[in-house]
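The structure appears right after this line, and notes come after that.
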Amino acid sequence: MSAHGSAVVLPSRSPLPSPPVRLLQRTILQWYRRHGRSLPWRGIRDPYRILLSEVMLQQTQVSRVLVKYPLFLKRFPTIAALARARRADVVRTWQGMGYNNRAVRLHALAQEVAARHKGRIPGTEEALTSLPGIGTYTARAILCSAFGMPVSFVDVNIRRLLSRVFQKMPDTGSMVPEPRAREIAEAALDRTHAYDWNQALMDIGATICTARNPLCTACPLARLCISAGSMGAPAPTKKKPERSLYGIPHRIYRGRIIEQLRLSGPRRALPLASLGPKVLPQFGPRHTGWLERLMKGLERDGLVRITSRRGIPVVRLA
DNA sequence: CAACCGTGGAG
DNA sequence: TCTCCAAGGTT
């Protein structure tokens, strides 16, 4: 490739005014050695523990995972133990993590690994992404962390950081398109220190190159970054209204239902009708259809089971 | 592919 | 109080 100090050659039509890659790599790895975070899933190779951390970290802050990760592992120490467990127990243990479908998929994943992979988490991107709850990002992160492969991957932290470093961003919120981010990540990857490199990018993205108020003054990349200090105000960010009832998104009600079922004892079924008021304060007869539909959705997702006791519908965690 | 899927801390 | 956002994945 190029000698020290030359510009990066990124696979794109027009070469970007990019910082020299080697210098960037050295700077980042140096910073990582001093300031990299020490996390329970760092410096280990156990594929189950790596996979669990990655799934937990999907759209979820590190601070929250730090609390649940050890508890979950204590309850389900191995992927075999997880596969054997009742789904309801997995969902209960997932309490506080959000996106409860992840718990369902994680449980299904464990059973699939037991059934189709002899209990071993597979080590190829294709096999991994074919597992429930594992997408491109998670698969590649696992390949890098658990199997020591020199692969690049892009999460929101890495995408934001690379966007700012390699592209002049009009505002703090904007980022390069996902496909472009993958190109840049692949071109910038330090293949001889892939693990540290990727972890470092995420650490800087999460603690310095943050979404709202990037701490450019404390950033080791300030001198190399195209956007350093010169990012406009936060974008206008107009979000589309979410499907909701009384201003509250449906998924929040779903969460409330699951929470109620968690609180009820193990194997305990609750009358469907009793859930209404617990989930919607002003619950009335005209909301029964709404509640019914909500419950059907949860049942489709494998989170709850709806049965009938003495003619009245009852619900429990699946 | 746009919409859906939780939860709670931070600003 | 209210909005934003977080190691994404699935349909």
Side-chain angles (χ1 to χ4, degrees), chain A residues 36-37 39-42 49-69 91 94-106 108-109 128-146 152-162 171-173 175 177-179 181-182 185 195 197-207 209-215 233-244 247-262 279 293-294 297-298 300-304:
Chain A
R37 292 177 292 184
L39 302 169
W41 49 88
R42 284 263 168 93
R49 291 182 173 234
I50 295 294
L51 185 148
L52 175 63
S53 72
E54 289 299 342
V55 171
M56 286 187 141
L57 286 162
Q58 289 168 0
Q59 292 286 284
T60 307
Q61 298 92 329
V62 167
S63 59
R64 185 174 315 209
V65 176
L66 279 175
V67 174
K68 288 295 171 179
Y69 183 70
V91 172
W94 200 256
Q95 195 281 330
M97 289 293 295
Y99 287 139
N100 299 308
N101 283 332
R102 284 186 296 169
V104 173
R105 294 180 184 134
L106 185 59
L109 179 151
L128 283 168
T129 51
S130 76
L131 293 170
I134 307 296
T136 300
Y137 159 75
T138 304
R140 296 177 68 84
I142 291 172
L143 290 181
C144 181
S145 300
S152 63
F153 52 82
V154 176
D155 76 326
V156 68
N157 289 304
I158 293 179
R159 183 179 171 195
R160 185 176 55 246
L161 184 150
L162 294 179
D171 57 76
T172 54
M175 295 188 286
E178 176 78 23
R182 292 184 188 185
Y195 179 77
W197 167 255
N198 284 319
Q199 301 301 312
L201 289 183
M202 289 192 286
D203 277 9
I204 298 177
T207 65
C209 195
T210 54
R212 301 211 187 149
N213 306 310
L215 307 175
T237 63
K238 305 166 187 173
K239 280 188 179 176
K240 294 174 183 174
E242 201 169 352
R243 199 160 140 264
S244 61
I248 298 177
H250 280 69
R251 57 193 169 88
I252 302 302
Y253 293 111
R254 283 172 48 111
R256 290 180 183 176
I257 292 173
I258 297 303
E259 189 58 20
Q260 286 301 315
L261 294 176
R262 282 195 183 101
V279 162
R293 240 193 332 277
L294 221 49
L298 289 168
R300 264 197 310 280
D301 288 346
L303 275 163
V304 308

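We name chains A, B, ... by the order of the sequence lines, and we start the count at 1 in each one. Excluded from the calculations below are hydrogen atoms, water molecules and symmetry mates; all remaining heavy atoms, backbone and side chain alike, are included.
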Whichever of A:Gly255 and A:Arg212 has the more 5' nearest nucleotide on DNA chain B, that residue is A:Gly255
Nucleotide by nucleotide, 5' to 3', does protein get under 4.0 Å of the base (B), only the sugar-phosphate (S), or neither (-) in nucleotides 6-11 of chain C, counting heavy atoms? BBBSS-
Nearest-Å distance once atom P is located in both C:dA7 and B:dC5: 22 Å
Reading DNA chain B 5' to 3', which nucleotide is the first, and which the last, to come under 4.0 Å of any heavy atom in chain A? B:dA3 to B:dG11
Treating A:Arg160 as the side-chain partner and A:Gly205 as the backbone partner, does any N or O pair qualify as donor plus acceptor under 3.5 Å? yes
Just jot down the side-chain contact (heavy atoms from CB on, under 4.5 Å) partners of A:Ser145, sequence neighbours excluded, or say none. A:Ile50, A:Tyr195, A:Gln199
Residues at least two apart in sequence or cross-chain that pass ring pair (Phe, Tyr, Trp, His ring centres under 6.0 Å) with A:Tyr137, listed by chain then number, are A:Phe153
Partners of A:Ala103 by side-chain contact (heavy atoms from CB on, under 4.5 Å), sequence neighbours excluded? A:Val90, A:Val91, A:Trp94
Could you work out, with side-chain contact (heavy atoms from CB on, under 4.5 Å) as the rule, every residue matching A:Arg49, not counting sequence neighbours? A:Ile44, A:Asp46, A:Tyr69, A:Leu73
Sequence-distant partners of A:Arg105, salt bridge (Lys or Arg N to Asp or Glu O under 4.0 Å), two or more places apart: none
Of all residues at least two apart in sequence or in a different chain, which pass the salt bridge (Lys or Arg N to Asp or Glu O under 4.0 Å) check with A:Arg262? A:Glu259
Distance between the P atoms of C:dT11 and B:dG6, in whole angstroms? 14 Å
Apply side-chain contact (heavy atoms from CB on, under 4.5 Å) to A:Leu39 and list each qualifying residue two or more places apart in sequence or on a separate chain. A:Arg37, A:Trp41, A:Arg42, A:Val62, A:Leu66
Using a 4.0 Å heavy-atom cut-off, does A:Met97 contact any base of the nucleic acid, only the sugar-phosphate backbone, or nothing at all? base
